[in-house]
Chemist: 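The structure follows.
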Number of protein chains: 2
Amino acid sequence: MVSRLITHIEKQVALSAEEKSIIEDVLFTEHLKKKQFLFKAGEPCRAKYFVVQGCLRLYITNAKGIDQMIQFGIDNWWITDYLGFKYKKPSVFNLQAVNDAVVIAVDEQQMEELSGKIPKLERYFRLVLETAYGASLMRFNYVFNMSGEERYRFFSTMNPDFVQKVPQYLIASYLGVTPEFLSKIRAKKV
Amino acid sequence: MVSRLITHIEKQVALSAEEKSIIEDVLFTEHLKKKQFLFKAGEPCRAKYFVVQGCLRLYITNAKGIDQMIQFGIDNWWITDYLGFKYKKPSVFNLQAVNDAVVIAVDEQQMEELSGKIPKLERYFRLVLETAYGASLMRFNYVFNMSGEERYRFFSTMNPDFVQKVPQYLIASYLGVTPEFLSKIRAKKV
DNA sequence: CAAAAAACTTAATCAAGATTAAGAAAAAAA
DNA sequence: TTTTTTTCTTAATCTTGATTAAGTTTTTTG
């Protein structure tokens, strides 16, 4: 299963057979049960997670006790509390498997070992992060320039399979609307 | 002025004298007049910009013709249309100097030349992007879990000098409220 | 300095979407 | 397959903040 990550890396940087085997020696997969947590708010976030299979959710429980989705983690996506991981502070987010999932965890030590032995992995991560950050800037565009209804129509057009696979209230939260309002939008779909 | 960037890089990775002079040979500063554009929507975005001095704004003109702030670029911050730059597509954003500013532009070719000669710059950019992406995930938290008023109070407490320096309507837009509403919030400040 | 442009304020009206409160349907567990 | 839990729906009411429309102040420019 680590081969799935290697394939993803090779889309950005070339790897020798030796480098691939270094990666396979250092990293291993982790199987998560539905609703299993990788970390909770207040706990340290010790790793970055590459999603091989399934879906994770990064969310925060707000002052009213409502869970607010921050980010989905699906196939070939890196997800973590980047600031918590970086500054070694207790996480403000929760990271949980939405359904049974497979991830590859990379902790600080593994990260340093790998980038020491294979410096071009830094380039891989740089490129991955540019995409993630770029996409997140676009998301602000959607959040500020589209109504809740427009965001839902757009999101479900762009991700038709995904909206079938995860509970609606998670989609609602990710889009910044209540599940009641999303239900209303769907009902009026002609 | 490139030394300002070098100082920033050295906070993340060590540079030899020779490496510093490579950077100084490849990069140079650009002085921007207030309201000058680095690129406009529809144009290619050919570089990443490191803000040495002043303030830039990344924004998009929406369907109603209203400018929506996406991101501010201030001292020691990298700013660009990451997706447009990466995929060489016309930018969807506008990047403009809010006031007179100094930036260091790094285009594709310079980027490749520098990371070829100084591979550890990839690490620098990786670390910079982790912070930017992490901060942007936190911003979604603020957007979804705080009211417009709370966002303004929080933002101006965190950035007291900055809110004095740039027009209010840009702050309003960045926070996702109208300038009229921001004015109302400020008026009722006891 | 005068005129023009840009930025900010005030206030009335309006609408998108939240809240509240059931109840229904679907999925998971026993 | 029955029970329990989770998820989704409907509908009435309410609120935050948008919109519209002046008018005022500040800044810039000729």
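Every heavy atom of this structure was used, including side-chain atoms; hydrogens, water molecules and symmetry mates were not. Letters A, B, ... are given to chains in the order of the sequence lines, protein chains preceding strands, and every chain is numbered from 1.
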Chemist: Which whole-number value in Å describes the distance from B:Ile171 CD1 to C:dC8 C1'?
Modeler: 14 Å

Chemist: Between D:dA18 atom P and B:Gln68 atom CD, what is the distance in whole Å?
Modeler: 10 Å

Chemist: Side-chain N or O of A:Gln168 versus OP1/OP2 of D:dT6: is the shortest distance under 4.0 Å?
Modeler: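 Result: no.
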
Chemist: Can you tell me how far C1' of C:dT10 sits from CZ of B:Arg186, to the nearest Å?
Modeler: 14 Å

Chemist: To the nearest angstrom, how far is A:Asp67 atom CG from D:dT6 atom P?
Modeler: 13 Å

Chemist: Strictly under 6.0 Å, is that where the ring centroids of A:Tyr174 and A:Tyr59 end up?
Modeler: no

Chemist: Atom NZ of B:Lys35 to atom P of D:dT27: distance rounded to whole Å?
Modeler: 13 Å

Chemist: Given axes from five pairs at either end, by how many degrees does the helix from C:dC1-D:dG30 to C:dA30-D:dT1 bend, rounded to 10°?
Modeler: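 One end axis against the other gives 60°.
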
Chemist: Checking B:Phe140 now: which residues fulfil ring pair (Phe, Tyr, Trp, His ring centres under 6.0 Å) with it, not counting sequence neighbours?
Modeler: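 Per chain and number, B:Phe140 pairs via ring pair (Phe, Tyr, Trp, His ring centres under 6.0 Å) with A:Phe140.
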
Chemist: Counting only side-chain heavy atoms from C-beta out, which of D:dT7, D:dT9, C:dT9 sits nearest to A:Ser183?
Modeler: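 Given the options D:dT7, D:dT9, C:dT9, the side chain of A:Ser183 is closest to D:dT9.
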
Chemist: Let me know the distance between CD of A:Gln164 and P of D:dC8, rounded to the nearest Å.
Modeler: 11 Å

Chemist: Where along nucleotides 16-29 of chain C does protein come under 4.0 Å, by heavy atom, of base (B) or sugar-phosphate alone (S), with - for untouched nucleotides?
Modeler: -SSBBB------S-

Chemist: Salt bridge or not for A:Arg126 and A:Glu122, using N-O below 4.0 Å?
Modeler: no

Chemist: Are the side chain of B:Glu43 and the backbone of B:Lys40 linked by a donor-acceptor contact shorter than 3.5 Å?
Modeler: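 Such a contact is found between B:Glu43 side chain and B:Lys40 backbone.
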
Chemist: How long is the line joining CG of A:Leu170 and P of D:dT6, in whole Å?
Modeler: 14 Å

Chemist: How many whole angstroms separate atom NZ of B:Lys165 from atom C1' of D:dT26?
Modeler: 20 Å

Chemist: Who pairs with B:Phe93 by ring pair (Phe, Tyr, Trp, His ring centres under 6.0 Å), at least two apart in sequence or on another chain?
Modeler: none

Chemist: Who pairs with A:Glu18 by salt bridge (charged side-chain N to carboxylate O under 4.0 Å, His left out), at least two apart in sequence or on another chain?
Modeler: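 Applying salt bridge (charged side-chain N to carboxylate O under 4.0 Å, His left out) to A:Glu18 gives none.
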
Chemist: Tell me if a side-chain donor or acceptor on A:Arg57 pairs with a main-chain N or O of A:Gln96 at a distance below 3.5 Å.
Modeler: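 No: the side chain of A:Arg57 does not pair with the backbone of A:Gln96.
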
Chemist: Quick one: salt bridge (charged side-chain N to carboxylate O under 4.0 Å, His left out) partners of B:Lys20, sequence neighbours excluded?
Modeler: B:Glu10

Chemist: For B:Phe125, is the NZ or CZ atom of B:Lys48 found under 6.0 angstrom from the centre of its six-membered ring and inside 45 degrees of the ring axis?
Modeler: yes

